[in-house]
Amino acid sequence: MTESGEGGPDVTQDLRVPWEEDPGDLYEHAPCGYLTTLPDGTIVKVNETFLAWSGYERTDLVGRRRFRDLLGAGDRIYHETHYAPLLNMRGSVSEVAFDLIRKDGRRLPILVNSVLGRDSSGLPRAVRTTVFNATERRSYEKELLAARRAAEASEQRVGALQQVVADLAAAPTAAEVGDAVVRAPGAAFGAEGAQVWLLDADRAQLTLLAGADGGAPAGDDIPLASSRPVARVARRGDLHVIGSVAEAEKHFPELAETMRRTGHRTMVLLPLTAGFAGESVGAEVLGVLSFGFGEERELSDSELRVVRLLGHQAGQALDRARLYDDARRREERATFLAETTRALDEVPRLLPRARRLIDRLVPRMAEWAAVRLQVGPAPLLAGEGGPVPDPERLAQRVALVTANNKAELTDDGPDRDLAVLPLAVGGRVLGTLALRMAPGRPPASAEASFLGDLADRVALALENARLYEQERAVARTLQRSLLASDLPGDPRFAVETHYQAAAQDLEVGGDWFDAFLITPDKLAVVVGDVVGRGIDAATTMGQLRSAIRALASAEAGPARLLERLDRFVDRVESARMATVAYAEVDLSSNELTYACAGHLPPLLAEPGSAPAYLLEGRSGALGTLAGRRARIEHRVPLAAGSRLLLYTDGLIERRTRGIDAGFAMLARAYAGRRASPLPGLTAGLAANLVGPEHADDVCLLCLALGTEDRLERSIGADPQLIASLRADLRGWLASHGVDEQTAQAVLLASSEAVANAIEHGYRNDPFGIVDITTVVSAEAVEVRITDRGDWQNPHGDLARGRGLRLMEQAMDEVTFDRTDGTTVTMRRARGQR
Amino acid sequence: MTDRWVTFASLGDAELVRLAGEIDLSNAPEIGREIVRHAGGAEAVLIDLTAVSFLDSAGVRLLDGLVGDLDRAGVPIKLVVGETGAARMTLQLCAFREDLLSTDLDRAAKELRI
Amino acid sequence: MSLIQKFAINEAGRPDGQPMLFAHGFGCDQNMWRFVAPEFAGSHRLVLFDHVGAGRSDLRAYDDRRYASLDGYASDVLEIVHGLDLHDVIFVGHSVSAMIGVLAAVREPDRFSKLVLVGPSPCYIDDGDYVGGFGRADIEAMLESLDSNYLGWSRAMAPVIAGNAERPELGQELTDSFCATDPDIARKFARVTFLSDNRADLAKLRTPALILQCTDDVIAPSAVGAYVHEHLAGSTLVAMNATGHCPNLSAPAETVAAIKAYL
């Protein structure tokens, strides 16, 4: 197919066409319009059908009009941006829909097919176009399209609304309601920049709940009284649709500015109300939803209905969320109060308790909080969080609250939400709690009753802590003073004790230990435990301790002592059910007599055998009414080198293990330390058995018999003192298992040597000192006695001569050294002769 | 004052002197005086040393002097000591005459009457 | 997704040559440069791309918010410039892309040496004394027109879109897809194109620019070309004999000649 039609734009007649033209009906009256145009669209040939449809004369068109001139403006753009490029690219275009503007201005929907013809060099030459009347088809299509778009839009709106309703149902908090609502305008109407503002009636302000703040002036909050459109809608409670910037300019100048900034040409401001749909009067406004459109847009009635529905749905959801929030907050407050009381109880001391309170409050409840306590000369302070308020202003208000015993929940100053509460017990103000509530929480003024409750509880807890602290200090002092007194010790025995207070900050316990000599040869050791804690327990412990010291006597023995204690306890009620392990040791015979009144059995380690619990001599606790009150005692001989352990239950009792396991552990640990030196033994046992978690006081006493390897004594030049030296020496020798005969020989020889030193060396010197050193080995006992006296003719005196002879006879070797005073060294092999 | 160490009783015609505890330089002279005061006119003297836990040369001197005085006065005397013990050891070491010593009070009492 | 896929970037010409970046206008894709770009292959590095939402760009990259203004498209141009490390760029933009190029060059003048603006218009809507050529109603009518062709479009183009993943390289199918755009995106691009007002940005441009003004361009009438020329300091206006809005298609030779003469 070739085409003529070149000829330029000045052609005004039908051009001759190159093909075999039969200008019959077929062309002119075909059922479609035919057009031939130059590449720039200038019409060069047109058939009758097209002229009839368009209402133009041929002369109106040929050479005078371009095809696009017959189209409306919208179609012209489409023609230029789609049809023309496509035709150029592909060489043909089919079924493009246009509206033909007829000469009379009416529109005829047409469908256009075009083919671009090119010359031999490939340049565009002419365009042949067929035009079909698409009135019916287009109207059908249009209807279809319109129906479809309406359905789509409606479906979109309904879908969006359904989505919102579903989201709202699952949105228990205002924040979640906001998130659900802010998505709706975009989904339903293709709107932009949606924001949800929540009305905070307590603070009389609107807070941005969801959506970007389109560059609004600093701060998210708008006072309800503000002139800003959001505030006005919230006050008035009716829907505002601002159709254009000009309209905004007239009514809401501020909004016009925002619209210019955000590029919105239509704005919708919708109150979110809690009332029923349609009941606009008196409906409570809970928030405002605002959104915009990039173009000027009128909202159809159905769209407005959807908008209003959205407002009611959102409002009801906010109302629900508010009620839910209220309930949750009430529950949260109750839980918070209960948990706080419990948490405070866990730390008994005052300052830690105050700190614990602050830890509970910040940041969960308050962004800043401080407790100030007026106890003692300087105020105690615990604070946390920020920003920290102006100290001067705070001090003024603290003083005011302290003076009036009345809470100040708001301030007129810049720090409006800073609340100060009195902490008072029985009308007496102990201190203050100052706080600023956390962002997102109601202001202190809206939480008055809750904060009042909190302050009451805190005050009580802190007052208790203060009392506790006071009592604890007294009790500790008392306990220390009682436990610190000197314990006896001599060559025959040594006592090691350990007292370990509970790791947790508990009150002092009633555990105690004691050791004292009833007579020079009779030692009493005691470990006991008074029921309860605190100052009462400490006082009772002191009384019992003194009572035991007073009631112990050489003749009584443990059982009698316990009987007397029972009578004592009948008068001192707080001592009832105290437990006591009491033992007496005869140091000359190394015999142990013990009795346990409800106390754990002593543990005895004898040389060469495994530690054994002393399970005899048991009876009930002191003053027991149900337990066995007949006091019995038990007697066991103690081998030299024995170690007896008395202890309180804190050492072995654990919640996590049975008492049997505790006994076994202690016996094992004790056996493992048999060779350990006595100093540190009890502390080591406590560390070993009592883990980091020791919830109870622990008290231990270990008695070791005959523990010194080397006896060193110095005595004055007084014959009366020789007996006590002998007693020391006797016990010491016994504790080393020295046989009786050897021991007696050593005692005799030593006594004679000392007597010599006193009678001769120091005959003129009543203040002379005699040094005695005794060493025992597996084979022998060696004694060295030194004086710095002035001997004269020691053999001259018959009686002294007998003494020397006794020494030589009793011992294997006796040597004298008189270089510096006189030193007698004597040795005797152990064992029978 | 000396009650802790010495007590007196009569056993038939004999004066029974019981010694107890430790007898040494510090108490021996006083005990000696006490015995002389009580037993001065006795027809026979029994000294019970079984309860003595220690005896030194001063004690030996005391006993030695006592035995000497009574021997001179013709008053029979016996020392009762245990088969072992501090007193026996000391007296043995000092080589006291075996005829003075007895291990049993009753036997000693009988022997005195011979 | 890679930059190449996102913008369906095609490169040609001399890799070491001065880069020419061709940006198509509303309704088309990079194929509209097929008669023009090759003429520069011997001397320049040619970079052609499709705006996101057009041609074979990655539709997943389309974001309502980003492309709600021409700034988003200008950002894309700069993304390409940086991604391909282009300097001294000669930006050739048709129709709305002419203004996109102006915005990009205002933001990063260091990267651009010259702009070739084919049928530019800073504002299509009449505003007071300013004659953009259209009223707001015309734009709505154009959207109607888009919609009118939507049914036909969807009928004709659905198979092509369906076969999207396996389009052969260049060829007939490519031109089939020419102007084939997701109707929803097309509507949005149309709005952005015809409702934007970037007159104020013209004064900020410091890059030399060539304005190619066609005869009888209904989209960008001569008065608009004159306005652009007047407000672009250091710009050159060439009035072409070519008619219509797409001289690059209808009169490629004249277009090429005008550009070469300017360069």
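What you are looking at is a predicted structure, and each value in this text was computed from that prediction instead of being measured. Below, read A as the first sequence line, B as the second, and so on, with proteins coming before strands; counting in each chain starts at 1.
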Handout entry: Heavy-atom proximity to chain A below 4.5 Å, by part of B:Asp64
Key =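 Contact with chain A is through the side chain of B:Asp64 alone.
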Handout entry: B:Asp48/B:Arg18 salt bridge by N-O under 4.0 Å criterion
Key =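 A salt bridge is present here (some side-chain N lies under 4.0 Å from a carboxylate O).
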Exercise for the section: State whether B:Asp69 and B:Arg72 are salt-bridged, where the test is any N-O pair (Lys NZ or Arg NE/NH1/NH2 against Asp/Glu carboxylate O) under 4.0 Å. Expected result: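 Here B:Asp69 pairs with B:Arg72 in a salt bridge, since their nearest N and O are under 4.0 Å apart.
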Practice task
May I ask you to check whether B:Ser57 and A:Glu752 show a side-chain donor-acceptor distance below 3.5 Å?
Solution key: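 Indeed, the side chains of B:Ser57 and A:Glu752 share at least one donor-acceptor pair under 3.5 Å.
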Practice task
Taking atom types as modelled, find out whether B:Asp104 and B:Ser102 have a side-chain donor-acceptor pair closer than 3.5 angstrom.
Solution key: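 No, no side-chain donor-acceptor pair sits under 3.5 Å.
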Exercise for the section: Report the relative orientation of the aromatic rings in B:His38 and B:Phe8; use parallel for angles under 30°, tilted for 30 to 60°, perpendicular for over 60°. Expected result: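 Rings of B:His38 and B:Phe8: parallel, as their planes differ by under 30°.
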Handout entry: Best-contacting candidate, A:Gln744, A:Arg726, A:Arg730, against chain B by heavy atom pairs under 4.5 angstrom
Key =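 Highest number of heavy-atom pairs under 4.5 Å: A:Arg726.
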Practice task
Output the option from A:Met807, A:Gln720, A:Gln741 having the highest count of non-hydrogen pairs under 4.5 Å with chain B.
Solution key: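 The candidate making the most pairs under 4.5 Å is A:Gln720.
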Problem - Which atoms of A:Ala743 approach chain B - backbone, side chain, both or neither, heavy atom under 4.5 Å - result: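 Contact with chain B involves no heavy atom of A:Ala743 at all.
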Problem - Contacting moiety of A:Ala745, where chain B heavy atoms sit under 4.5 Å - result: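 For A:Ala745, heavy atoms of backbone and side chain both lie under 4.5 Å from chain B.
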